[in-house]
Each structure stands twice: as C-alpha cells, then as structure tokens.
Amino acid sequence: MAKGGLPVSATLDDQYYSSLLELQQFDFALVELTLYLDTHPTDMQALQQFNQLAQQRQQSAQAFELRYGPLLQFGHSYSKFPWQWAQSPWPWQV
C-alpha cells in the first residue's frame, strides 16, 4: 500500500520510475535557471538553455501522460476515459 492507504499498481515498471526521475531533473534545472535568469535577464545562453529544457520537459511530460496518466490537476493535464485521477499511485506517492 502506498501513502494514504491506496494500493500501488503492480504494473508500474522501471520505465515509469526513470521517466518520473527525468521529469524531476528537468524541473530542478528549470527552477535553477529561473532563479539565475531573475538576476541575469540578459544572459542569452541561459535563456536559450531554459527554453530548450522547457520544450524537452513538455515533450517528456506528454509522453509520460500518454503512457501512465495525468501528472497535474486543475486543467493542466488531460485525462483519458475513465477519469484517471481516481487511479493510483499518483506521481507524488512513489
């Protein structure tokens, strides 16, 4: 059982965890670049790197969601039928 008493699906594979790790790495790099760009707004190389990573993160997230279900709520991620948010584990539970 995962946190909150929800069962962890036995169908999760190594690809699930490596894909989730990749998204976390993109998010970390994007946060760091955001902080840097807040104080260095004219650094073109950093801005290009930010935009490239943002695009890669978007592609990675889209591939993850197609295979495993939505990552974000409140209209930021689409859901297949039936409603996928009732399924677990949620990304923050693994």
Side-chain angles (χ1 to χ4, degrees):
M1 289 255 174
K3 289 181 182 178
L6 296 171
V8 175
S9 173
T11 61
L12 295 181
D13 55 10
D14 290 338
Q15 184 64 39
Y16 176 89
Y17 294 104
S18 64
S19 296
L20 203 54
L21 176 62
E22 179 182 63
L23 285 168
Q24 291 169 338
Q25 291 168 337
F26 280 129
D27 289 343
F28 178 83
L30 288 166
V31 166
E32 292 298 311
L33 280 167
T34 297
L35 295 173
Y36 176 81
L37 285 164
D38 283 347
T39 59
H40 300 81
T42 60
D43 186 334
M44 180 59 85
Q45 186 177 0
L47 184 56
Q48 288 172 336
Q49 186 178 15
F50 177 88
N51 288 333
Q52 181 182 13
L53 287 175
Q55 183 179 25
Q56 290 173 341
R57 196 245 182 243
Q58 184 180 18
Q59 292 168 349
S60 181
Q62 186 176 23
F64 181 94
E65 289 181 336
L66 285 173
R67 185 166 183 178
Y68 299 109
L71 283 166
L72 302 171
Q73 186 46 289
F74 308 112
H76 296 285
S77 295
Y78 297 101
S79 177
K80 295 179 189 172
F81 183 84
W83 180 245
Q84 290 179 300
W85 279 104
Q87 300 171 9
S88 67
W90 294 306
W92 57 88
Q93 291 181 306
V94 294

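For the single chain, residues carry numbers from 1 onward in sequence order.
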- [ ] Output every pair passing ring pair (Phe, Tyr, Trp, His ring centres under 6.0 Å) with a member in residues 18-37, not counting sequence neighbours, ordered by first then second residue.
- [x] Tyr36-His40
Task: Gln62, CD: over 12 other non-hydrogen atoms inside 6.0 angstrom - done: no
TODO: Mind listing the closest non-hydrogen atom pair of Arg57 and Leu23 along with its distance?
DONE: O-CD2, 3.9 Å
Open item on the list: Restricting to non-hydrogen atoms, name the atom on Leu37 and the atom on Ala46 that form the minimum distance, rounded to 0.1 Å.
Closed with: CD2-CB, 3.8 Å
Task: Distance-minimising heavy-atom pair for Tyr68 and Asp13 - done: OH-OD1, 2.8 Å
- [ ] Could you label the plane-to-plane angle of the Tyr16 and Phe64 rings as parallel, tilted or perpendicular, counting under 30° as parallel and over 60° as perpendicular?
- [x] tilted
Task: Separation of Asn51 CG from Leu30 CG (nearest 0.5 Å) - done: 9.5 Å
Open item on the list: Please report the interatomic distance OG(Ser18) to CD(Gln25), rounded to the nearest 0.5 Å.
Closed with: 10.0 Å
Task: Residue pair Leu53 / Ala29: nearest heavy atoms and the distance that separates them - done: CD1-CB, 3.8 Å
Open item on the list: Can a donor-acceptor pair be found, under 3.5 Å and without considering hydrogens, that links the side chain of Ser60 to the backbone of Gln56?
Closed with: no
Open item on the list: Are there over 12 heavy-atom neighbours, none belonging to Asp38, within less than 6.0 Å of that residue's CG?
Closed with: yes
